[in-house]
Structure formats: structure tokens, C-alpha cells
Colleague: 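Below is the structure I would like to discuss, written out as C-alpha cells.
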Number of protein chains: 2
Amino acid sequence: MADQSAAPPRKPRADAIRNRELVLKAAKSVFSTGGADASLEAVARRAGVGIGTLYRHFPTREALFEAVYRREVDQLGELAEQLKKEAAPVDALRRWLRSNVEFVATKKGMSAALAIVVQGSSELSVYSFDRLTKAVGGLLDRAVAAGEIRSDISPEDLLRALVGMCYMHDQPGWQKSVLRLLDVFVDGLRVQAGTGGQATARSHPRDIATGARESPRHKSGKVRK
Amino acid sequence: MADQSAAPPRKPRADAIRNRELVLKAAKSVFSTGGADASLEAVARRAGVGIGTLYRHFPTREALFEAVYRREVDQLGELAEQLKKEAAPVDALRRWLRSNVEFVATKKGMSAALAIVVQGSSELSVYSFDRLTKAVGGLLDRAVAAGEIRSDISPEDLLRALVGMCYMHDQPGWQKSVLRLLDVFVDGLRVQAGTGGQATARSHPRDIATGARESPRHKSGKVRK
DNA sequence: TTGAAAAACGGAGTACCCCTCCGTATATCC
DNA sequence: GGATATACGGAGGGGTACTCCGTTTTTCAA
């Protein structure tokens with residue numbers, strides 16, 4: 001469902017496949033230990049290939065990230081499906097968010113990957129962004145439909161909040177902190193019975209949320225500096 | 001209140017003072033337009049001083065950031081004081097958070113500065129971290145004392161959530177998005193009358209907040225990669 | 001006023017890193 | 001067993017971070 005375009009019938013070369021795999025493996029390892037902005041030359045070095053080879057397979061840092069963490073992203077997508085079946089709407093949402101935190105905690109570099117997925121607009125990261133947006137969107141819609149959650153927050157908003165909170169990973173107590181924050185956040189999402197309290201800053205009743213929910217897939221030009 | 005230490009009685013040299021100021025001014029301008037990771041050599045160039053001079057005055061990028069944005073940080077601190085007098089607890093908190101977003105929106109580079117303040121453990125950033133922590137802590141405590149806000153969230157938590165959310169500045173609609181998210185968050189902070197709902201994840205009643213409120217100033221070694 | 005010494009200056013130098021380009025090597029397929 | 005499409009690798013151009021040290025400037029005491 002992806003390779004048409006007049007099918008030039010040449011098998012991909014064996015060494016190309018092999019090297020691609022080597023680079024992926026090296027990248028996984030290097031990113032895990034060295035963090036998000038490790039040197040790509042280090043990756044090539046570790047993979048035992050030339051820097052040119054690395055760049056041919058993955059033209060940008062994002063592309064490499066994407067490839068390395070696509071498996072993880074897929075898992076998160078599947079988890080969302082599963083939770084949709086197994087848990088009550090709000091609970092499912094909460095658990096999915098929490099699972100994200102665990103992912104980030106486990107795989108160092110995952111945080112940066114998520115950040116790139118959410119921030120970058122590189123052609124390649126669209127897939128992951130879609131996948132995650134849909135995952136959280138599904139959970140969100142269900143909870144909204146059940147009347148348990150306010151309707152003016154988009155999946156993108158939520159995703160970015162999540163990624164933002166995980167941004168501070170590598171702080172001493174970050175994980176607990178983020179879990180706490182997520183709970184607060186989910187509580188805030190719940191439709192409030194009579195929060196009329198003292199109205200606080202209800203000066204922005206729903207200035208957005210004009211049904212349009214932002215434009216998904218806004219595309220636009222490069223972001224490269 | 002700061003210069004004791006056996007006072008070796010040598011006035012600081014005039015050119016040193018002048019150059020420090022030049023570098024600061026240049027940095028402000030360069031960071032504003034060029035973003036967080038602009039070249040320090042560009043800063044030196046614009047200041048009309050050698051790169052060595054820049055490094056002597058500000059040994060690290062963080063140090064320079066700190067110095068550039070200290071004024072802003074102070075302003076935020078004062079704003080908190082003011083709001084404490086002028087507004088109701090929860091409202092004050094909300095407004096302070098919103099002001100932060102505006103700051104980031106106005107000064108490009110402020111976001112990165114905040115991130116460094118929150119993340120970095122460099123000696124210099126301690127001041128700012130303290131200042132902001134106390135600012136938000138004051139607002140928070142007041143709201144907690146008034147019984148309007150849950151008590152298991154520390155100022156540090158809040159600060160980091162804020163910075164995290166601003167992390168995605170430079171996205172198309174980020175500002176509105178973050179303001180929305182902040183509202184959700186503040187709503188979540190409010191003491192809920194009878195959220196007994198399905199209990200969801202109330203499994204961390206106040207595991208922290210044991211009065212100690214984490215340890216500020218954790219120091220530890222370099223963070224340089 | 002003067003001149004020695006402390007303090008600051010500035011930029012060349014080292015060590016990385018990103019990314020491109022292209023001559024060389026190798027797998028495919030007829 | 002070639003011909004040729006593909007892939008390889010690394011030199012090279014252009015940057016940046018940060019250090020080191022010979023030179024210049026300022027201070028201050030005599």
C-alpha cells in the first residue's frame with residue numbers, strides 16, 4: 001500500500017538493509033545513554049559506517065529519531081485502543097497519560113523523541129504525530145461524549161501539555177512530580193458540577209472552542225533554524 | 001551584603017564594568033531575535049569585545065542567560081507580591097501564571113531562560129529559582145490556607161509545569177493553547193467539593209509535602225555533556 | 001607624577017559537530 | 001560475466017564552544 005509509482009523492479013541492496021539496521025541499533029544505544037542531542041557522528045562511528053551512509057538513510061536527526069522510536073509510538077497507540085475497551089472514559093485517559101510518563105522514564109531519549117514528534121513539522125514526523133493525536137483524541141472524545149470532560153481542549157493541546165511536563169525529566173523527583181501534575185490536570189479536565197465559587201478568571205468563557213478545535217495537520221513551512 | 005571576604009581593596013576596573021554592560025546588552029538583543037541557542041560568538045561580535053572577554057564575565061551560557069533575564073525574573077516576583085494584595089487567592093494564582101505566558105510571548109528567549117532556571121543547577125540560577133519558587137509558593141500557600149486549593153502540589157511542581165507548557169512556544173497557536181491548558185490546570189488545583197466520582201487515581205494522598213517540600217539547591221556536579 | 005603589578009583584553013588555537021559532495025566499491029540483473 | 005544502478009565512506013567547508021596566553025590598560029602607592 002506504499003510502493004507503487006511505476007515499480008522499478010530493483011531489490012534494495014543487501015548492504016543497504018544491513019547498514020540501515022546497524023545505524024538504527026547504534027542510534028538507539030547512543031541516544032539512550034547520551035541523551036537527545038548526541039552526536040550523529042558518534043552514532044555512525046558506533047554503527048561502523050561512514051557518516052555519509054547515516055545521512056543517506058536518515059537525512060535529518062528527526063528522521064532518525066522517528067525511526068528509532070516508531071515502535072514505542074505504535075505501542076502507545078495500541079495501548080490507547082486497549083484502554084478504550086477496558087476502562088471507564090476518564091480513567092482510561094488518565095492511565096494512558098500515566099503510561100506515557102513511564103515510557104519516558106524507561107527509555108531515555110523518548111522524551112526528546114516525543115518533543116520532536118510534537119514540535120517538528122518534518123514530513124516524517126507526521127505519522128507519529130497523527131498516531132498519538134488519534135490515540136489521545138479517541139480517549140478524549142469518548143470522555144467528552146460521556147459528558148465527563150470539558151470539550152474545549154484538543155488532543156493536540158493535551159499531547160503538548162504531556163510532552164511539556166515530561167520536558168523536565170532528569171530532575172531528581174520528576175516522575176512523581178509529573179504524575180501528580182497529571183492528576184491535577186485530569187481533575188481540571190473533568191466537567192465541574194458547580195464551580196461557580198468566586199468565578200475567578202472566567203473571563204475567557206470559551207473564546208476558542210468554536211467547534212473547530214484548531215486545525216489538525218497545519219503543515220506550514222520548515223522550522224529549521 | 002555581598003562583598004566581604006577580607007576585602008582586597010581594589011576597585012573593579014572601569015573597562016571591565018563597561019564591557020560587562022556591553023555584553024549584556026548585546027546578549028539581550030541577540031537572544032531576543034536569534035532564540036535560545038544563538039551563537040555566543042555572535043554576542044561577543046555584536047558587543048564589540050573578544051570572545052575571551054565574554055567568557056571571562058560569563059563562564060557559561062547559563063550564567064549569561066541568568067544575567068540577562070534576572071530583571072524579568074524580578075519583575076515576576078514583584079508581580080506576585082502585588083497580586084497577593086490585589087486579588088483573591090485562586091484568581092491571583094491564575095493571573096500570575098498567565099502573566100508568565102505573556103512574558104514568554106513577549107521576550108523570545110525568556111522561555112529558554114526559564115527552562116534553564118528550572119533545570120540548571122548552576123550556582124547562578126539558584127537565585128532565580130528561589131525567587132520564582134517563592135513567588136509562586138506565596139500565592140499557592142495563600143490559596144491553600146484559604147482552603148481553595150489542594151495542598152499536595154509544591155511550588156516547584158507548579159513552576160515546572162508552567163515552564164514545560166511554555167516549552168512549546170513557537171508552535172502556531174501556542175499561546176492560546178497554553179492559556180487554555182493553564183485554566184484546566186488551575187481548575188484541577190481547586191479543592192473539589194465531592195469529586196468522589198470514580199476516585200480515579202487518588203493513590204498519592206500527600207506522599208510528598210511532608211513539610212520539607214523537596215530540597216532546593218540540590219547542587220551536584222556539572223551537567224555538561 | 002610615575003611606574004610596577006594586578007586585572008582585563010582579545011583572538012588564535014583546539015576540538016568538536018553538522019552536513020554535502022563525489023570518487024570508489026559492490027550488489028543486481030541480464 | 002559484465003554493465004550499471006546503488007550504496008559506501010570520508011574528506012572538506014562552514015560552524016560553534018571553550019581555553020590559553022601574550023599584550024594592553026587601569027589602579028594605586030610612593
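Labels below follow one simple rule: chain letters A, B, ... track the order of the sequence lines, proteins then strands, and each chain is numbered from 1.
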Colleague: Report yes if at least one side-chain N or O of A:Thr53 is closer than 4.0 Å to OP1 or OP2 of D:dG9; otherwise report no.
Modeller: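 So the side-chain polar atoms of A:Thr53 do come within 4.0 Å of the phosphate oxygens OP1 or OP2 of D:dG9, strictly under.
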Colleague: Going by atom types only, do B:Ser154 and B:Glu156 share a side-chain donor-acceptor pair under 3.5 Å?
Modeller: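 Yes, a side-chain donor-acceptor pair sits under 3.5 Å.
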Colleague: Quick check: on DNA chain D, is the nucleotide nearest B:Asp15 upstream (toward 5') of the one nearest B:Ser39, or the reverse? Name the residue that is more 5'.
Modeller: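 Between the two, 5'-proximity favours B:Ser39.
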Colleague: Check whether any side-chain nitrogen or oxygen of B:His57 sits under 4.0 Å from OP1 or OP2 of C:dC9, and answer yes or no.
Modeller: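 Indeed, a polar side-chain atom of B:His57 lies that close.
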Colleague: If you check the A:Arg13 side chain, which of C:dC18, D:dG9, D:dA7 turns out closest?
Modeller: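 Minimum distance to the A:Arg13 side chain belongs to D:dA7.
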Colleague: With rounding to the nearest 0.5 angstrom, report the CD to CG distance, A:Glu72 to A:Leu76.
Modeller: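 Atom-to-atom, A:Glu72:CD and A:Leu76:CG are 8.0 Å apart.
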Colleague: Pick base, sugar-phosphate or nothing for B:Leu40, based on heavy-atom distances below 4.0 Å to the nucleic acid.
Modeller: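 The answer is sugar-phosphate, as B:Leu40 gets under 4.0 Å only of primed atoms, P, OP1 or OP2.
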Colleague: Measure the distance from CG on B:Asp37 to P on D:dA17 and round it to the nearest whole Å.
Modeller: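 Atom-to-atom, B:Asp37 to D:dA17, this comes out as 9 Å.
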Colleague: Heavy atoms only, 4.0 Å cut-off, all strands: where does A:Arg56 land among base, sugar-phosphate and nothing?
Modeller: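 Base, at least one base heavy atom under 4.0 Å.
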Colleague: Rounded to the nearest angstrom, tell me the gap between atom CZ in B:Arg20 and atom C1' in C:dA7.
Modeller: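 Result: 16 Å.
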Colleague: Taking the inter-plane angle between the rings of A:His169 and A:Trp174 on a 0 to 90° scale, is it parallel (under 30°), tilted (30 to 60°) or perpendicular (over 60°)?
Modeller: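 It falls in the perpendicular class, over 60°.
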Colleague: I need the CZ-P distance between A:Arg45 and D:dG10, as an integer number of Å.
Modeller: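 My rounded result for the distance is 12 Å.
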Colleague: Which comes earlier along DNA chain C counting from the 5' end, the contact point of A:Ile51 or that of A:Ala42, where each point is its nearest nucleotide?
Modeller: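 The answer here is A:Ala42.
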Colleague: Taking CG from A:Leu22 and C1' from D:dG9, how many angstroms apart are they, rounded to a whole number?
Modeller: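 Rounded to the whole Å, the gap is 14 Å.
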Colleague: Measuring from the side chain of A:Arg10 (C-beta onward, heavy atoms only), which nucleotide among D:dT4, D:dC18, C:dC9 has the closest atom?
Modeller: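 Within the option list, the nearest is D:dT4.
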Colleague: Over how many whole Å does the gap from B:Phe31 atom CZ to D:dT16 atom C1' extend?
Modeller: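 Checked: the CZ to C1' distance equals 13 Å.
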Colleague: For the side chain to side chain contact (heavy atoms under 4.5 Å, CB included) test, which of B:Leu24, B:Thr53, B:Leu54 pairs with B:Asn19?
Modeller: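 That would be B:Thr53; it is the only one of B:Leu24, B:Thr53, B:Leu54 passing the side chain to side chain contact (heavy atoms under 4.5 Å, CB included) with B:Asn19.
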Colleague: Return the 5'-most residue of the pair B:Ala14, B:Gly52 with respect to DNA chain D, ranking by each residue's nearest nucleotide.
Modeller: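 Upstream on the strand: B:Gly52.
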Colleague: Output the single nucleotide from C:dC9, D:dC8, C:dC18 whose closest atom is nearest the side chain of B:Asn19.
Modeller: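 Selected nucleotide: C:dC9.
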Colleague: Within the distance-only criterion (no hydrogens, no angle test), does the side chain of B:Ser177 pair as donor or acceptor with the backbone N or O of B:Gly173 below 3.5 angstrom?
Modeller: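 Not a single qualifying donor-acceptor pair exists.
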Colleague: How close or far is atom C1' of C:dG10 from atom CD of B:Glu41, stated in whole angstroms?
Modeller: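 Rounding to the nearest Å, CD of B:Glu41 and C1' of C:dG10 are 12 Å apart.
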Colleague: In whole Å, I'd like the distance from the CD atom of B:Glu21 to the C1' atom of C:dC9.
Modeller: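 Interatomic distance, CD of B:Glu21 to C1' of C:dC9: 18 Å.
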Colleague: Whole angstroms only, please: what is the NZ-C1' distance between A:Lys11 and C:dA27?
Modeller: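 It works out to 10 Å between those atoms.
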